Student: 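Sharing a structure here in structure tokens format.
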Amino acid sequence: MCQLLGMNCNTPTDVRFSFSGFAQRAGNTGDHTDGWGIAFFEDKGLRHFVDHERAIDSPIAELIRRYPIKSKNVIAHIRKATQGVVSLQNCHPFVRELWGRNWVFAHNGDLKNFAPKLHTHFRPVGSTDSELAFCWIMQELWKSHAGVPSIEELTLTLQELARRIAPHGTFNFLLSNGEALWSHATTNLFYTERQYPFAAAQLADEDLSVDFSTETTPNDKVAVVVTAPLTNNETWIQFEPGVVNVFVDGRLYLGQKPSSKQQ
């Protein structure tokens with residue numbers, strides 16, 4: 001299946017270190033070779049890059065590894081196709097507009113017999129179960145709220161929608177509108193929180209380390225969410241299955257209790 005990477009911060013931060021290790025799973029340390037994509041929020045604006053080539057070979061991915069795009073919310077995805085052909089329109093993350101904001105979604109898993117009715121303008125462009133699920137979520141959010149709800153209200157609605165989709169298969173996802181990062185796991189997702197005092201981190205998939213203390217300020221907070229831990233010397237907390245966790249300003253804002261399994 002696919003792999004997910006999300007970052008949520010209290011100040012615009014670049015994701016080059018985490019993305020460098022993540023991209024190794026697209027052919028070097030993993031076989032997620034059916035395309036990739038990444039989206040960066042900048043206020044209400046969005047930088048969105050997708051490519052059906054392998055992330056370790058893609059010139060666009062090389063740009064991301066070298067160009068310090070700074071963002072408070074980032075979602076990235078490397079694909080191992082289960083439904084839908086290998087093509088640009090089937091690459092995650094997907095983007096839709098709702099309530100005057102961009103929404104970005106990426107999914108890891110395989111949904112069977114999931115065929116919801118779509119009534120509004122949210123329609124898939126590609127042929128994946130993931131984009132279909134995203135369109136249905138956008139439709140149901142639009143039906144459930146007259147305007148932009150609070151983060152707390154949105155989380156409750158997303159929890160109910162995830163509960164309705166999850167019986168159809170593996171439903172690990174990341175979702176953001178640039179204000180927060182929502183995440184849900186039925187199998188594997190992990191997160192870590194980086195804050196002062198910052199230390200050095202060593203990638204698990206690549207011989208690369210960084211001393212965050214030289215790149216940050218004491219006020220910085222960064223949360224990273226990923227399918228499997230990216231580093232081998234940080235504490236990674238595994239998601240509780242079925243819980244929607246939301247990250248705001250680099251910290252877990254709503255979701256599971258901190259006593260969850262660690263790695």
Side-chain angles (χ1 to χ4, degrees), residues 1-9 14-16 18-19 22-23 25-26 32-55 58 60-61 63-65 69 71-98 101-111 122-139 141 154 158 161-162 165 170-185 189 191 223-227 230 244-247:
M1 293 187 186
C2 309
Q3 294 225 349
L4 303 170
L5 169 65
M7 185 179 72
N8 169 267
C9 317
D14 81 69
V15 75
R16 287 179 298 170
S18 295
F19 181 76
F22 184 66
R25 300 174 181 179
H32 305 82
T33 57
D34 297 325
W36 70 279
I38 192 168
F40 304 82
F41 282 93
E42 296 180 29
D43 193 15
K44 290 187 178 181
L46 186 74
R47 298 179 190 264
H48 181 218
F49 304 88
V50 292
D51 195 351
H52 61 281
E53 302 293 338
R54 303 191 310 173
S58 166
I60 303 173
L63 167 68
I64 302 304
R65 284 192 288 267
I69 298 173
S71 173
K72 294 175 68 174
N73 286 281
V74 178
I75 291 178
H77 180 276
I78 49 176
R79 185 173 185 234
K80 184 177 181 181
T82 55
Q83 296 187 38
V85 299
V86 177
S87 63
L88 199 60
Q89 62 265 32
N90 286 333
C91 291
H92 311 218
F94 304 105
V95 180
R96 294 293 188 279
E97 178 275 331
L98 177 62
R101 295 196 72 99
N102 290 305
W103 292 74
V104 174
F105 176 90
H107 167 231
N108 162 29
D110 189 15
L111 302 175
F122 300 109
R123 300 280 180 171
V125 175
S127 54
T128 65
D129 53 328
S130 306
E131 189 182 16
L132 176 61
F134 180 37
C135 289
W136 183 76
I137 288 172
M138 290 291 97
Q139 170 183 282
L141 288 178
L154 259 171
L158 287 169
L161 297 179
I165 295 175
T170 303
F171 192 51
N172 307 313
F173 76 77
L174 299 176
L175 173 73
S176 181
N177 64 354
E179 295 183 323
L181 176 67
W182 286 270
S183 45
H184 173 272
L189 269 184
Y191 77 91
V224 179
V225 180
V226 72
T227 301
L230 283 172
V244 171
N245 291 323
V246 56
F247 296 85

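The residues of the chain are indexed from 1 along the displayed sequence. Note that this is a predicted model, so its numbers are computed, not measured.
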Student: Just jot down the side chain to side chain contact (heavy atoms under 4.5 Å, CB included) partners of Q139, sequence neighbours excluded, or say none.
Tutor: L118, H119, T120, F122, W136, K143
Student: If you round to the nearest 0.5 Å, how far is CD1 of I78 from SG of C91?
Tutor: 12.0 Å
Student: What is the distance from atom CG of L174 to atom CG of N108, rounded to the nearest 0.5 Å?
Tutor: 9.5 Å
Student: If you measure from CD1 on I64 to CD1 on I69, what distance do you get to the nearest 0.5 Å?
Tutor: 4.5 Å
Student: For the residue pair D129 and G109, what are the closest heavy atoms and their distance?
Tutor: OD2-O, 4.1 Å
Student: Write down the atom of S176, the atom of F41, and the distance for their closest heavy-atom approach.
Tutor: O-CZ, 3.4 Å
Student: Among residues at least two apart in sequence or on other chains, which ones pass side chain to side chain donor-acceptor pair (under 3.5 Å) with R101?
Tutor: none
Student: Output all residues satisfying salt bridge (Lys or Arg N to Asp or Glu O under 4.0 Å) with E42, sequence neighbours left out; order by chain, then residue number.
Tutor: R47
Student: Where do L111 and A133 come nearest, in terms of heavy atoms and distance?
Tutor: CD1-CB, 4.0 Å
Student: Residues two or more places apart in sequence or in another chain: which of them pass ring pair (Phe, Tyr, Trp, His ring centres under 6.0 Å) with F40?
Tutor: none
Student: Determine whether a donor-acceptor pair (N or O, by modelled atom type, separation under 3.5 Å) exists between the side chain of N102 and the backbone of G45.
Tutor: no
Student: Show the numbers, then the answer: is there a side chain to side chain contact (heavy atoms under 4.5 Å, CB included) between I75 and L181?
Tutor: CA-CA 9 Å; I75 291 178; L181 176 67; 3.8 Å; yes
Student: Not counting sequence neighbours, which residues clear side chain to side chain contact (heavy atoms under 4.5 Å, CB included) with D51? List them please.
Tutor: W36, E53, S58, I60
Student: Nearest 0.5 Å please: distance from the CD atom of E131 over to the NE2 atom of H107.
Tutor: 13.0 Å
Student: With a 3.5 Å distance limit and no angle check, can you tell me whether T227 reaches the backbone of L4 through a side-chain donor-acceptor pair?
Tutor: yes
Student: Nearest 0.5 Å please: distance from the CZ atom of F171 over to the CD1 atom of I165.
Tutor: 3.5 Å
Student: Who pairs with F49 by ring pair (Phe, Tyr, Trp, His ring centres under 6.0 Å), at least two apart in sequence or on another chain?
Tutor: none
Student: Side chain to side chain contact (heavy atoms under 4.5 Å, CB included) between L161 and L141: does it pass, once the steps are laid out?
Tutor: CA-CA 9 Å; L161 297 179; L141 288 178; 4.2 Å; yes
Student: How long is the straight-line distance from CG of N90 back to OG1 of T128, given to the nearest 0.5 Å?
Tutor: 5.5 Å
Student: Partners of H92 by ring pair (Phe, Tyr, Trp, His ring centres under 6.0 Å), sequence neighbours excluded?
Tutor: H77, F94
Student: Among residues at least two apart in sequence or on other chains, which ones pass side chain to side chain donor-acceptor pair (under 3.5 Å) with S18?
Tutor: none
Student: What pairs with F105 under ring pair (Phe, Tyr, Trp, His ring centres under 6.0 Å), at least two apart in sequence or on another chain?
Tutor: F134, F173
Student: Mind checking side chain to side chain contact (heavy atoms under 4.5 Å, CB included) for A39 and listing every partner two or more places apart, or none if nothing turns up?
Tutor: L46, H48, P93, V104
Student: R123: which residues meet the salt bridge (Lys or Arg N to Asp or Glu O under 4.0 Å) condition with it, sequence neighbours left out?
Tutor: none
Student: Sort out for me which residue in I38, V225, V224 forms a side-chain contact (heavy atoms from CB on, under 4.5 Å) with L5.
Tutor: V224
Student: Are N245 and F247 close enough, and set up right, to give a side chain to side chain contact (heavy atoms under 4.5 Å, CB included), and what steps lead you there?
Tutor: CA-CA 7 Å; N245 291 323; F247 296 85; 4.1 Å; yes
